[in-house]
Amino acid sequence: NAIIEMTDVRKTYATGALEVAALRGVSLRIAQGEYVAVAGPSGSGKSTLMHIIGCLDVPTSGEYVLAGGDVTTLPEAHLADIRNRRIGFVFQQFNLLPSLSACRNVELPLAYAGVTPSERRRRAVEALTRVGLADRLAHRPGELSGGQQQRVAVARALVTDPALILADEPTGNLDSAASADVLALFDELHAVGRTIVLITHEVDVARRAQRSVLIRDGRLAA
Ligand code: ADP
Ligand code: ADP
């Protein structure tokens, strides 16, 4: 069964009188439990595709079905709800709140979902334990290494038990040891059945996935 079913998705940006076709008919099917890398050079359409997969933006045309629901033309309020409940995001810049402890950062998506404080705490500790940071619960992002911060972000992505983990250049700000750490963590998550989509321009990173698709000029290549 498919988590992602994208059919002939096109995305056009209008900048003044000029139109830029960022995606020119992308069809992509990702099954539950797959670990797929989307690779491609700068300007090929990766960010645009990631925004659509992550329900941060909608296609100009085509169809997108996520976890069995058609999300092609939903209004923003509904998309925000789907982002929060269905997708765990991991970004290049970590996007952690600097004033909050690791534990509180991981609790945040659960707070938005209305989970009680004690249950939030329990699940955040569980997620941080899973990423190897049980001994860093009270540390703020600034007190952690880059690799540790990214692992906190992975814990935050996991804590809602999402259908999909969507990682956008997750190793882009990490040195090679920390990158290896985070990629090993994705391997573990894949091994226990998580669905992961990893967007990257780094060939070596894409190679770590179970399958990689190449995007070039807004189209997927074999
Ligand atoms: P990548 O992430 O692979 O670098 P993008 O999806 O950011 O590729 O960009 C694909 C194409 O769409 C590029 O030609 C880019 O200039 C254009 N583009 C991206 N975002 C916008 C935007 N908001 N407005 C206009 N053009 C855009
Ligand atoms: P960029 O691709 O420009 O480096 P990011 O990858 O950090 O930017 O983020 C991509 C987009 O996702 C941005 O428009 C950002 O505002 C948005 N975003 C970042 N974090 C979240 C989140 N947790 N939920 C929803 N949208 C987010």
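Keep in mind that this is a model prediction, so the values were computed, not measured. Values below: all heavy atoms of this structure, side chains included; hydrogens, waters and symmetry mates excluded. Counting starts at 1 for both ligands and their atoms, in listed order.
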Can you give me a line-by-line list of nitrogen or oxygen pairs between ligand 1 and the protein shorter than 3.5 Å?
from	atom 1	to	atom 2	distance (Å)
ligand 1	2 (O)	Ser47	N	2.7
ligand 1	2 (O)	Ser47	OG	2.9
ligand 1	3 (O)	Pro41	O	3.4
ligand 1	3 (O)	Gly43	N	3.4
ligand 1	3 (O)	Ser44	N	3.1
ligand 1	3 (O)	Ser44	OG	3.3
ligand 1	3 (O)	Gly45	N	3.1
ligand 1	3 (O)	Lys46	N	3.0
ligand 1	3 (O)	Lys46	NZ	3.0
ligand 1	4 (O)	Gly43	N	2.6
ligand 1	6 (O)	Thr48	N	2.9
ligand 1	6 (O)	Thr48	OG1	2.6
ligand 1	8 (O)	Gly45	N	3.1

(request) For Arg86 and Ile3, run side-chain contact (heavy atoms from CB on, under 4.5 Å): C-alpha distance rounded to whole Å, both residues' side-chain angles, the deciding distance at 0.1 Å, then the answer. (result) CA-CA 10 Å; Arg86 299 292 213 172; Ile3 289 287; over 6 Å; no
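- Although no hydrogens or angles enter the test, the distance criterion places no donor-acceptor pair under 3.5 Å between the side chain of Lys46 and the main chain of Ile199.
- Put simply, the side chain of Glu169 gets close to the backbone of His201: a donor and an acceptor are under 3.5 Å apart.
- Salt-bridge formation is not detected for the pair Asp217/Arg24: no Lys NZ or Arg NE/NH1/NH2 atom is positioned less than 4.0 Å from an Asp or Glu carboxylate oxygen.
- Under 4.0 Å is where a charged nitrogen must lie from a carboxylate oxygen, and between Glu126 and Arg130 no such pair does.
- Side chain of Arg156 to backbone of Asn95: a donor-acceptor contact under 3.5 angstrom is found.
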